[in-house]
Amino acid sequence: MIAAQDEGPMATTRGSYGFEVAESGLLLDTDDNLERLRRLFLDGKIIDEEWGPGDPGDFDHGGWHILCHLAGGAGIARTASGIAWCAITHVAANDTYEATITYEAGTGVRTVSLSAAEGVRLIAGASFPAFVEGSSQGHIAARGVDDAPEAFNKWPRQRFDQDIRSPDDGGTVWEQWSTTRDLRPESVIGTSVLKGLLTLVACLGGRFIAAVARGRREHGHPRQLVALVEAGVLTADDAAWDVVPQAIPASAQDLLYEARPADALAAARLLAPNPGLQAYFMFGRRIHRWSATADVRADLGLPV
């Protein structure tokens, strides 16, 4: 199990994009790295123009298909205060997004920014026993939002706010598909999602990126994961992490489909990874599309 580590006094760079990383290998949560992420997810050349499926205009200012999955994913942390949920959540006060940690405090469940002093304190010394796939059904985090019909290249977020029993496309992954259709600096919402992802990855590490990216052998995900390694977002070792996903049980699925931090924390307590090992949990509906370790190693040009 990998624990959260202090970045230490020294930093170096990694990959063709020169991402700043700590001695621990974790990405640093810096303004320069944020701009590197923005350029990367708008770079078609590095992925051989394998953007993934979309409508005309979806990738004029929008990021690779894999990005909505990464922004919808989450991590389970074991902290001094108990089990916690780390994810990108919606800030209703200004309609933006940020990386947060949700935990049980003495006064009840609290959700705080991972960048705030309380979040930093909670995550210090934490371990991360599991990562969790983002939902592609159910509610969105921004419940009650009313985007204009033409927003996000005609992908208004409320289109994906579904009842947890609905078979239609919905949930946090589709919500972030909408938000990431515009990653230009002037896009406040898209930029906040990118910043949230950077903060999340700076805590959870490269295996989080690898696990979520490997949820599909289609939609350009394999090429995009290779590009993330080439650019320096994660290492080849992390990308080829030898793990097999576990199915999310129905009881936890219903809670995750609510897309509310307190419900997600309750779901985290229902997921039981093997002690001492990191796990990845996927929804059963797409678990058969998992990108196995041998396939990833072949994609990366590593011995199989």
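The chain is numbered in sequence order, starting from 1.
- Electrostatic pairing of R157 and D95 counts as a salt bridge here, judged by a charged N lying under 4.0 Å from a carboxylate O.
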Verdict with reasoning, R165 to D254, per salt bridge (charged side-chain N to carboxylate O under 4.0 Å, His left out): CA-CA 8 Å; R165 302 301 177 196; D254 288 351; 3.1 Å; yes
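- Salt-bridge check for E118 with R110: passed, with a basic side-chain N closer than 4.0 Å to an acidic carboxylate O.
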Verdict with reasoning, L40 to W64, per side-chain contact (heavy atoms from CB on, under 4.5 Å): CA-CA 9 Å; L40 177 60; W64 309 344; 3.6 Å; yes
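- I248 and V173 fall into different hydrophobic clusters, defined by Ile, Leu, Val, Met, Phe, Trp and Tyr side-chain heavy atoms under 4.5 Å apart, directly or through other members.
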Step-by-step side-chain contact (heavy atoms from CB on, under 4.5 Å) determination, E258 to H139: CA-CA 5 Å; E258 294 288 353; H139 288 286; 3.6 Å; yes
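- Under the 3.5 Å distance criterion, the side-chain polar atoms of T191 are left unmatched by any main-chain donor or acceptor of V188.
- Residues V233 and L37 form a side-chain contact, since some pair of their non-hydrogen atoms from C-beta on lies under 4.5 Å apart.
- Within the 3.5 Å criterion, the main-chain N or O of G18 finds no donor-acceptor partner in the side chain of T13.
- Side-chain contact between E98 and S115: absent, with no pair of heavy atoms (C-beta onward) separated by less than 4.5 Å.
- Using a 3.5 Å distance cut-off with no hydrogens or angles, the side chains of Q176 and T179 do pair a donor with an acceptor.
- With values rounded to the nearest 0.5 angstrom, L194 atom CG is found 12.0 Å from N33 atom CG.
- Side-chain N/O atoms of D58 and W155 include a donor and acceptor closer than 3.5 Å.
- Of the charged side-chain nitrogens involved, none lies within less than 4.0 Å of a carboxylate oxygen, so that R143 and E175 do not count as a salt-bridged pair.
- The NE2 atom of H219 sits 6.5 Å away from the NE2 atom of H69 when rounded to the nearest 0.5 Å.
- With hydrophobic clusters built from ILVMFWY side chains whose heavy atoms lie under 4.5 angstrom apart, F208 shares a cluster with F19.
- L26 is not listed as a side-chain neighbour of C203, based on a closest heavy-atom distance of 4.5 Å or more.
- Proximity of F41 to L228: side-chain heavy atoms (C-beta onward) are separated by under 4.5 Å at one or more points.
- You'll find the side chain of E104 reaches within 4.5 Å of the side chain of R269, heavy atoms only.
- One side chain, T199 or K195, offers a donor N or O that lies under 3.5 Å from an acceptor on the other.
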side-chain contact (heavy atoms from CB on, under 4.5 Å) between L225 and D299, worked out: CA-CA 9 Å; L225 177 57; D299 294 338; over 6 Å; no
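- Side chains of T235 and D237: no donor on one and acceptor on the other come within 3.5 Å.
- For the side-chain hydrogen bond (donor to acceptor under 3.5 Å, both in side chains) with H221, the lone residue among H65, E50, R216 that qualifies is H65.
- For the pair R159/D169, no side-chain contact is recorded, criterion being any heavy-atom separation below 4.5 Å from C-beta on.
- With ring centers used as reference points, W241 lies 6.0 Å or more from Y280.
- Considering every non-hydrogen atom in both L204 and C86, the closest pair reads CD2-CB, 4.4 Å.
- F59 is not listed as a side-chain neighbour of N153, based on a closest heavy-atom distance of 4.5 Å or more.
- Between the side chain of S16 and the backbone N or O of E230 there is at least one donor-acceptor pair closer than 3.5 Å.
- A distance of 9.5 Å separates CH2 in W177 from CG in L67, rounded to the nearest 0.5 Å.
- Using a cutoff of 4.0 Å between basic side-chain nitrogens and carboxylate oxygens, D182 and R184 are scored as salt-bridged.
- Between the side chain of R297 and the main chain of A240, no donor-acceptor pair closer than 3.5 Å is present.
- In the hydrophobic clustering of ILVMFWY residues, with side-chain heavy atoms under 4.5 Å counting as a link, F160 and L256 come out apart.
- Atom OG of residue S136 and atom CG of residue D168 lie 12.5 Å apart, to the nearest 0.5 angstrom.
- Side-chain atoms of Q137 come within 3.5 Å of backbone N or O of P167 as a donor-acceptor pair.
- Put simply, the side chain of R214 never gets that close to the backbone of W290: no donor and acceptor are under 3.5 Å apart.
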CA sep, side-chain torsions, deciding dist, call: N94, T96, side chain to side chain donor-acceptor pair (under 3.5 Å): CA-CA 6 Å; N94 58 8; T96 60; 2.6 Å; yes
Derivation of the side-chain contact (heavy atoms from CB on, under 4.5 Å) call for E20 and L27: CA-CA 6 Å; E20 298 167 309; L27 281 188; over 6 Å; no
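- Of the N and O atoms on the side chains of E49 and W51, at least one donor lies less than 3.5 Å from an acceptor on the other residue.
- Under the 4.5 Å side-chain contact rule for hydrophobic residues, I47 and Y17 share a cluster.
- The shortest side-chain heavy-atom distance between V112 and L122 falls under the 4.5 Å cut-off.
- Between the side chain of R223 and the backbone N or O of I46, at least one donor-acceptor pair lies under 3.5 Å.
- Taken to the nearest 0.5 Å, the CG atom of L255 stands 12.0 Å off from the OG atom of S135.
- I76 and I209 fall into different hydrophobic clusters, where Ile, Leu, Val, Met, Phe, Trp and Tyr side chains are chained together by heavy-atom contacts under 4.5 Å.
- Contact check on K154 versus D55 returns no salt bridge, with no Lys/Arg side-chain nitrogen under 4.0 Å from an Asp/Glu carboxylate oxygen.
- One finds the CG atom of L302 at 11.0 Å from the OG1 atom of T293 (value rounded to the nearest 0.5 Å).
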